[in-house]
Every structure is written in C-alpha cells, then in structure tokens.
Number of protein chains: 2
Amino acid sequence: MPPSTAKGEARRSVLLDAVVRVLERGGPGAVTHRAVAAEAGVPLAAATYYFANIDDLLVSALRRATEQQVALFADLADPSLHDVARLLHDWTHANRASAIAQYELLFLAMRRDTLREAADLWYRSLENALGPRHDRRSRVAALAIDGLLLRMLWSGEPSTVAGIEAALRDILDPPAGRVSRPD
Amino acid sequence: MPPSTAKGEARRSVLLDAVVRVLERGGPGAVTHRAVAAEAGVPLAAATYYFANIDDLLVSALRRATEQQVALFADLADPSLHDVARLLHDWTHANRASAIAQYELLFLAMRRDTLREAADLWYRSLENALGPRHDRRSRVAALAIDGLLLRMLWSGEPSTVAGIEAALRDILDPPAGRVSRPD
DNA sequence: CGATTTTTGGTACATTTGTTCCAGAAAGAA
DNA sequence: TTCTTTCTGGAACAAATGTACCAAAAATCG
C-alpha cells in the first residue's frame, strides 16, 4: 500500500525515521508496529497501514539506510587518506548506533530473503566506495577495512582520526616483509 | 541455579545443545524457553529451572560456543597455510549456520552487557589463534582475515579451500607495490 | 531408615505481539 | 456539489512469551 497523497508520503517518511531510531536503540528485535508507531507519535493502525508486516518495516529501513550511506560515500569523490579516516571515524563513533544497526540488518538479511536485495545493494555500494579498483592488492585492502570497521564498532579502537589514518596507512601501504610462515 | 547432581548436569548440557541448534536455525530472536525446551525434548519448566532468564540461555550458549571454538583453533598449533584455509572453509561452509549464529551473538553482546564478557573471550581467543604476533603487519593481516570471514559468510566466496588459500596468501604475503593514492 | 534438598512436570497468568476489521474523516476526481 | 478513493483512529482477537507457582518424584545426606 504505497501512499498516493502528499500527506501519506509525509507520514510514511515520519514512520521510517521512527523505524531507524527504534532500530538504533534496540536492534531488529525491537522493531514492532507498536514500537514504531509510538516512536513516531502516530496510532498503531498508521504503522500497519503503511507497512503491512514487519519485513516491510525492515526492508524499507535498510533501503533508506543504504541510500543515506551511498550519499555519504558519494560526497567523498577521490578522497585523501585523512578524509577517509574522518569518514570512518564519524561513522563508527559519532554514528555508532546507526552503524551497528546497519550491520545487524545485514546479518538479518542472511536469514530473511526479503531483506536480501536491499542488503546486496548496501554491500555493493560500500565496496564501490571503498575501492573501485579490482586487483588483488586492493581486494585485500577492502577486506582489511571491513575488518577494521568491525573492530572499531566492537572495541572502539582505534578511537581517533589519527589512529584510524595510521591503520589505513598500514593497510594500504604496508611495511615491507612477509608475515606468514612458509607453508 | 547450577545443577548439583550428575543427572542435572547432563540435562543442562542437553538444553545447551538445544540452545545452539535453535540459535543456528533461527537466530537470537528464536531463543525462547519454550523453543529450547521443545528442541531438547524436555518440559518448559526444565528450561526455566536451569536457565532463569533468556540472557542466561544466551550467555551460556556463547560460552559453550567459545569453548568449542577455542578447542577447534587450539588443535591447529603452528598450522600451514593450507591447514588454516581448510579450517576457515569448514567453519564458514560446513558449519555456516554455526558461524553466523556466533557472529549474531557477538553483535548482540554490543547491546547486552551480560553477554559482554563471553564475547570478549571469544574475540580474544580468535585473535590469538589467528595471529599471536603483534607487529603492524600481522595486525593488518588479522583485520583482513576478519573481513574475509565476513565476506565468506555473506557471499560464500571464496568457496573452495584453494580459493581461501589464495586469498590468505594475498593477505599474508601481498604482492609488491602500494595501492593507495598519495594523501 | 527418615529428613532434606534437588529436580520434575504441569498449570496458570499477565504482557506483548502480529494481524484484522470497520466506521468515519479527509482528500481528490467528476 | 457528489462520488470515490485514500487515510485515520480505535478496538479486538488469537497466539506466543516471560515468569511464577506448586505438589509430587527423585536424589542426596544424616
């Protein structure tokens, strides 16, 4: 039931903002029609009217989050290392709850097929933003940055822009020598 | 309420196995006293008796999963690259549901303080198993392996032991040259 | 043995949930 | 205006959930 009127569109948007807030505060398990309606300050029926079932709520929220994420990364065309570090810092510290919520949605997409498409879009856009090149070296860098994101969300370290920049430098321009034992 | 009798200990263990299965099948949201009791084939009261609340169930399950994970990695003392690749392949493909469940628990620990301790243990043990060394180079490798794990869980790629081994080689012994643009 | 603690299994209750329904208000089209 | 679609708000329902209770069985201890 997509809204046809301008007022309907506005209310749907208000509800989606509420979904994101509920999601950030309590995770996917906290997203219920009632919680979202209360957060948005609208009656329960409004939530069930615009989002027939829970998956509708989650899919729409993931889509909205993806759009915002894509826009955020698109702002940084050809960024310096410092720019990237600042972006990652903001994302994992200032917007930590939002970042966690997005990863939670991604994991949820592993179980719910209805979320799958939206999650694919998210992942591809992040991949493109982080490293449009496709040689082996930059693929490793993308993996390491993924891991770095997780670690920052989890432990909070590195916690400063400078620290993140140093980590990025290690990833992108590693010190010489091999770390592996021969196999 | 820890069990005092041998029979009690056994039943608690049966319940814990059931928790893990429920977790793997439906994620943390599916873990309820009733679901676990049904999965274990015991009455509801047995689940509430041995695990007073839901957090008890989740914490205990994460602890058990951690112990198994530590044991799994401990078996591989001084492994070859091929051994590590095979381990990762088994973990992310043969035991994919289990691996996903563990990550879900880790994310849940970001919100529930009661899970925090168990999650810390899990993370540290994985870190130690992957790379006991602590120079900058191996820290980057650990991050990249983390990211590789996520990617394998998410997309299934790389899907073969050989593919994983190649990725590990790229990570641990990267081709020369820098990937970053100057900042 | 008896006494005491632990475990069992069944039941019950208050909450919360997803979902449905419907009568009326609001908005848009004719 | 009238007519039709869209939206609103309130209510209700069955199902599932966390939690508590209790009497009886089983195990442990003296």
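Side chains are part of it too, since the values below use all heavy atoms of this structure and drop only hydrogens, waters and symmetry mates. Just so we're on the same page: letters track the sequence lines, and every chain starts at 1.
Under a cutoff of 6.0 Å and an axis angle of 45°, A/Arg64 and A/Trp122 do not form a cation-pi pair.
Residues A/Arg63 and A/Glu67 are not paired through a salt bridge, judged by the lack of any N-O separation under 4.0 Å between the basic side chain and the carboxylate.
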For nucleotides 16-24 of chain D, 5' to 3', base contacts (B), sugar-phosphate-only contacts (S) and non-contacts (-) with protein non-hydrogen atoms under 4.0 Å give -BBB-----
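There is a path of hydrophobic side-chain contacts, each under 4.5 Å, that joins A/Leu143 to A/Leu153. B/Val14 and B/Val19 fall into different hydrophobic clusters, where Ile, Leu, Val, Met, Phe, Trp and Tyr side chains are chained together by heavy-atom contacts under 4.5 Å.
For D/dT6, neither phosphate oxygen OP1 nor OP2 lies less than 4.0 angstrom from any side-chain nitrogen or oxygen of A/Arg12.
Counting only heavy atoms from C-beta on, A/Tyr49 has its side chain closest to D/dC7 among D/dC7, C/dG9, C/dT6.
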Acceptor/donor pairs from residues 28-46 of chain B side chains to any protein atom, 3.5 angstrom cut, sequence neighbours excluded:
residue: B/Thr32; atom: OG1; partner: B/Ala35; partner atom: N; Å: 3.0
residue: B/His33; atom: NE2; partner: B/Phe51; partner atom: O; Å: 2.9
residue: B/Glu39; atom: OE1; partner: B/Arg25; partner atom: NH2; Å: 2.4
residue: B/Glu39; atom: OE2; partner: B/Arg21; partner atom: NE; Å: 2.6

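The CZ atom of B/Arg11 sits 7 Å away from the C1' atom of C/dT8 (whole-angstrom rounding).
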